[in-house]
Amino acid sequence: MWHFRFWDVQDVAVFLSITLYMCHLAGAISINSSQRNLIRSVQEDVFFSVDVTCSGVPTIQWSFMSGEGSRSIGTWQPRVFTNITEDYSGRVETYENGSMGLLDLRLQDSGYYVVSVEDPAGNSQDVGFVLKVNEVLYEDLQYLSVTAIALMFVAGLLMLTMWLLHKACRRIKAWRRRKQMPENDATELQPL
Ligand SMILES: *[C@@H]1O[C@H](CO)[C@@H](O)[C@H](O)[C@H]1NC(C)=O
Ligand SMILES: *[C@@H]1O[C@H](CO)[C@@H](O)[C@H](O)[C@H]1NC(C)=O
């Protein structure tokens, strides 16, 4: 009898722990993301891809952290509300799975991005991303070389024009001299 009760207690314990584990699973938030280190160039877009799952509608908040501190980019609940901070309005795309797109990147966007997910029960979980925004040196160089070529072309055109004008002047002078020649001949011939 005592032996039987012992197993009873153990069964209850196992049952309880399994139930607790199931509850824990049901309440667990999972944030899946593949790439957390991203490198982009100025004016490009970046897509922070995550897939959030939890019981109930999650509240998703994205924040930006840099040397100057942390600030909120936006908060949303899929199909409930979306609240984007004024500084980021027009540059942020929100997705139901928690992903965020940030458009038209600037140098100052380099830093650490954190997504915080909270479920209706108040549990929360965070995942961080690192974004590096590079300057577009290559395009600057290309722009400079195009400008240099254009300037050289204009200079060449000016030199050609001046050479042609110079030649034309000499021709006109020669033509005038030739036109005056007979008169000169006549005046020179007269005394003879
Ligand atoms: C989240 O959703 C977007 C748009 O539907 C999709 O492109 C992206 O791959 C999803 N992310 C993950 C990790 O599933
Ligand atoms: C939107 O977010 C800002 C800052 O996070 C907050 O001050 C504001 O009250 C929010 N607006 C709404 C409508 O929730």
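The first residue of the sequence shown is numbered 1, and numbering continues consecutively from there. Because the structure is a prediction, the values reported are computed rather than measured. In each ligand, atom 1 is the first atom listed, and ligand 1 is the first ligand listed.
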Could you tell me which residues satisfy side-chain hydrogen bond (donor to acceptor under 3.5 Å, both in side chains) with Ser99, sequence neighbours excluded, listed by chain and number?
-> Asn97

Pairs flagged by salt bridge (Lys or Arg N to Asp or Glu O under 4.0 Å) wherever residues 157-172 is involved - sequence neighbours left out | none

Would Gln77 and Thr59 count as having a side-chain donor-acceptor pair, cut-off 3.5 Å?
-> yes

Compute whether any side-chain donor of one residue and acceptor of the other, for Thr75 and Asn83, lie under 3.5 angstrom apart.
-> no

Per-pair distances, ligand 1 N/O vs protein N/O, less than 3.5 Å:
residue	atom	partner	partner atom	Å
ligand 1	2 (O)	Asn97	OD1	3.3
ligand 1	2 (O)	Asn97	ND2	2.3
ligand 1	11 (N)	Ser49	OG	3.0
ligand 1	11 (N)	Val50	O	3.4
ligand 1	11 (N)	Asn97	ND2	3.0

For residues 88-103, which residue pairs qualify under salt bridge (Lys or Arg N to Asp or Glu O under 4.0 Å), counting only residues two or more places apart or in two chains?
-> Arg79-Glu96, Arg91-Asp109

Going by atom types only, do Ser72 and Ser63 share a side-chain donor-acceptor pair under 3.5 Å?
-> no

